[in-house]
Structure formats: C-alpha cells, structure tokens
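No hydrogens, no waters, no symmetry mates; every other heavy atom, side chains included, goes into these values.
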Amino acid sequence: MTTIDRPIPVTLVTGFLGAGKTTFLNHLLQDDHGARLAVIINEFDEVGIDRDLVRNASGQLVEMNNGCLCCTVQGDLKGVIEQIVASGKELDGIVIETTGLADPGPIATGLFADPFLCEATRLDAIITLVDAFNAPRLLWQAPESERAQDAALALSQIGYADVILLNKTDLVPAAEREALKARLRGLNRMARIHEVCQSAVPLDQVLGIEAFEFTSRFGAEAAHGDEHHHDPGVGSVSFHFERPFDQVKLNTFFCDLLRHHGNDIYRCKGVVDVAGLDEPLVFQGVATLFATSSGTWREGAPRRTRAVFIGRNLDRARLEAGMIACQA
C-alpha cells in the first residue's frame with residue numbers, strides 16, 4: 001500500500017469548448033515555471049505534446065523536460081491518481097482537465113467522497129476559462145431554443161468557479177470586457193476574475209490558492225450590497241446578519257437545503273457568528289457536499305455573519321427566511 005505523507009493539492013480546470021483549456025495546459029507542460037505538477041488530460045493528441053519536450057515515458061505517465069508529469073484519463077480518475085501517487089514523485093499539485101462538455105460538480109464531490117482520494121488529495125480550486133469573444137453569444141445573444149443546453153452547461157461551469165480566467169480579451173473592446181465581467185460577477189460573486197490572453201496567467205493566481213481551505217478570511221465577494229440578477233435562473237445571492245446563530249438549527253437548515261436543492265446550488269460559502277462560541281463557524285459547500293470548521297475573527301472586525309450562495313433558480317426570500325429562522 002502506498003504511504004501518503006500529505007494530501008496533494010488538486011486544481012480542476014474547466015470551461016466550455018474553445019475557451020482555451022488546451023492552451024492553458026500547454027503552458028503548464030512546456031513553460032519553465034518551476035512547479036512540479038501532474039497534469040491529467042483527456043487526450044494527448046488534443047494537447048499536442050511536442051515529443052522533443054518529453055524526458056521519459058513509463059506506461060501512462062509521461063515526464064516532461066520541465067519536470068511535470070502528464071497522463072490521460074478515460075473514466076478512471078481514481079486509478080490515474082493512484083498511479084501518480086505510486087510513482088513516488090514529489091509534486092506541488094495535480095491539475096485535472098475536464099472536457100468542455102463536463103459539469104465539474106461530480107468530479108469535485110468525488111474527490112471528497114472517495115476514501116482514497118480524500119486522503120491522497122485536497123481540492124485546491126476550480127478554475128473556469130471563459131471565452132470573452134464568444135461567451136456573450138453562447139450565454140445570452142443566441143435564440144433560447146439554440147443555446148439552452150450549451151448555455152446551461154457553461155453557466156454551471158462558471159457557477160462552480162473559484163477563479164474565472166476571462167480569455168481572449170485582446171479580441172474584445174474594453175467596454176465590452178467590463179460589461180462581461182459585470183455579468184460574470186452577477187453569476188458568481190465568489191470567483192476572482194483575471195483577464196488573460198492566450199490563457200497565460202501567473203501560476204500563483206491559479207495554483208496553491210487554497211480556495212477550499214477553511215478560514216475566516218472571507219473575501220470581498222460577499223461584502224457588496226444586494227446583487228442584480230442579469231440572467232434568470234442562474235446567479236448568486238449574499239447576506240449579512242448582525243444577530244448570532246444557533247448552530248444546531250443552522251446545521252439542520254443546511255442539511256435540508258442541500259438534500260432537496262443541492263443539484264441547483266453549485267457553491268455556498270460563509271462565516272457565521274454562533275451564539276456561545278468565541279470563534280466563527282466557517283462553512284463551505286459544493287453541490288450536495290457541505291462541511292464546517294472553526295475559524296478566527298479578523299482583528300478589530302465586527303462579529304458578523306456573511307454568506308453567499310451560487311446556483312440556479314435561487315429563491316432569495318426563502319434562503320433569507322431559512323437563515324433568519326436559525327438565529328439564536
């Protein structure tokens with residue numbers, strides 16, 4: 001049995017067809033960035049690996065000249081990660097490419113649900129590439145009958161994101177880029193948005209960012225006022241509460257919420273002032289999985305509950321009423 005010294009950070013890379021995932025992966029496999037990564041892709045041929053850049057190949061694993069490992073996955077993600085762990089390579093992270101027509105939710109929850117994957121890895125972040133040039137047509141401009149299925153998938157990929165890479169920005173005027181970013185923020189208030197060209201981004205903005213670590217450093221995503229829904233059915237809502245909460249009632253509320261509506265809630269995250277506790281309760285959920293941990297209050301900051309939900313068909317009034325009913 002392979003001994004696992006520490007969980008390896010995992011980054012999921014998603015985005016609709018043509019958004020730039022292949023170019024992003026090529027940067028990881030070919031650039032001299034100094035990170036030791038295992039990159040799991042769907043097909044070698046799609047990425048177009050230059051064989052002059054291959055140092056060694058052993059079975060499914062291909063070692064690149066820059067020290068990264070590359071391998072393909074065809075359904076058995078756990079088996080591929082087992083092989084990577086068994087290789088004994090010291091790694092800074094694992095990057096998993098999802099197909100352009102894949103929902104990242106089941107892959108993310110699988111990392112938590114499988115005992116081996118839960119021990120061997122930790123989900124670091126979900127990165128979504130968005131094609132700045134084609135996204136408006138895909139998401140909003142085409143007739144609804146033509147875009148319904150594709151748009152729903154692309155919107156879910158955006159909804160799950162911790163980081164959105166707005167790609168091909170060199171093809172879009174500044175005013176249109178700003179309008180697109182505003183719409184993306186309406187869809188996902190948690191995600192950091194970076195404008196990029198040719199999928200090029202500093203690695204410290206996408207790898208090792210610990211987006212799924214439990215901490216009370218709750219970013220600006222929930223610090224804004226009421227959001228504006230640009231797109232019926234998909235969006236994000238956020239709340240601030242001054243009164244403390246009852247922990248038992250809150251746990252029951254979230255269990256019921258995700259049991260009945262988990263397929264519609266892509267992400268949720270928050271920091272809660274719980275009556276009787278000195279430290280805040282930090283919660284985070286992805287699809288139907290939900291977990292909590294204790295955090296620390298920022299020095300000098302008021303004890304205030306903040307929460308954000310991202311998904312489709314969110315009923316703001318119901319969510320607000322449900323949380324208010326959990327107050328102590």
> Can you check side-chain contact (heavy atoms from CB on, under 4.5 Å) on Phe116 and Thr121, steps first, answer last?
Replying inline: CA-CA 8 Å; Phe116 170 78; Thr121 67; over 6 Å; no
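- Formation of a donor-acceptor pair under 3.5 Å by the Asp124 side chain with backbone atoms of Glu210 is found in this model.
- Of all heavy-atom pairs between Ile310 and Met190, the closest is CD1-SD, 3.6 Å.
- Atom CG of Asn263 has 12 or fewer neighbouring heavy atoms from other residues, nucleotides or ligands inside a 6.0 Å radius.
- Salt bridge present: Glu195 and Lys181 bring a charged side-chain N and a carboxylate O closer than 4.0 Å.
- How far CG of Leu129 is from CD1 of Ile164: 10.0 Å, rounded to the nearest 0.5 Å.
- To the nearest 0.5 Å, the span separating CD1 on Ile8 from CG on Asp92 amounts to 10.0 Å.
- In the model, Asn167 has a side-chain atom that pairs as donor or acceptor with a side-chain atom of Ser199 under 3.5 Å.
- One hydrophobic cluster holds both Leu17 and Leu155 under the rule that ILVMFWY side chains link at heavy-atom gaps under 4.5 Å.
- The distance from atom CG of Leu123 to atom CZ of Phe212, rounded to the nearest 0.5 Å, is 4.5 Å.
- Arg189 and Val308 make their closest contact through CB-CG2, 4.2 Å (heavy atoms, listed as atom of the first residue, atom of the second, distance).
- Residues Leu77 and Ile40 are in side-chain contact: their nearest non-hydrogen atoms beyond the backbone lie under 4.5 Å apart.
- In summary, the side chains of Gln284 and Arg267 do present a donor paired with an acceptor at a separation below 3.5 Å, with no hydrogens or angles considered.
- In this structure, CD1 on Ile41 lies 8.5 Å from OG1 on Thr22, to the nearest 0.5 angstrom.
- Rounded to the nearest 0.5 angstrom, Cys70 SG and Leu28 CG are separated by 10.0 Å.
- Note: Phe283 and Phe254 have tilted aromatic rings, judged against thresholds of 30 and 60 degrees for the angle between ring planes.
- The two residues Cys326 and Phe253 have their closest heavy-atom pair at SG-CB, 3.5 Å.
- Distance alone, capped at 3.5 Å, places no donor-acceptor pair between the Asp31 side chain and the His33 backbone.
- Counting heavy-atom neighbours within 6.0 Å of Lys89 NZ, excluding the residue itself, gives a total of 12 or less.
- For Thr98 and Thr14, the side-chain atoms include at least one donor-acceptor pair closer than 3.5 Å.
- A 6.0 Å sphere centred on CD of Glu320 holds more than 12 heavy atoms belonging to other residues, nucleotides or ligands.
- Crowding of Arg318 atom CZ: a count of heavy atoms from other residues, nucleotides or ligands under 6.0 Å not exceeding 12.
- Looking at Ile158 and Val130, their side chains come closer than 4.5 Å, going by heavy atoms from C-beta outward.
- Nearest approach of Cys71 to Ile84, heavy atoms of both residues: SG-CD1, 3.9 Å.
- In terms of modelled atom types and a separation under 3.5 Å, the side chain of Asn188 and the main chain of Ala161 share a donor-acceptor contact.
- Not one N or O on the side chain of Asp162 forms a donor-acceptor pair closer than 3.5 Å with the backbone of Ala125.
- Annotation for Thr305 and Arg243: closest pair OG1-O, 4.4 Å, computed over non-hydrogen atoms.
- Rounding to the nearest 0.5 Å places CG of Leu117 at 6.5 Å from NZ of Lys78.
- Electrostatic pairing of Arg304 and Asp273 does not count as a salt bridge here, judged by no charged N lying under 4.0 Å from a carboxylate O.
- A donor-acceptor pair is defined here as one N or O able to donate and one able to accept, closer than 3.5 Å; no such pair exists between the side chain of Arg306 and the backbone of Lys269.
- Contact record, Lys249 with Gln327: NZ-O, 4.3 Å, taken as the closest heavy-atom pair.
- Ring geometry, Phe245 versus Phe241: the interplanar angle exceeds 60°, so the pair is classed perpendicular (tilted spans 30 to 60°).
- The number of heavy-atom neighbours closer than 6.0 Å to CG of Asp76, taken from other residues, nucleotides and ligands shown, is above 12.
- Using a 4.5 Å heavy-atom threshold, the side chains of Val13 and Ile96 count as separate.
- Asn42 and Glu97 share a side-chain donor-acceptor pair at under 3.5 Å.
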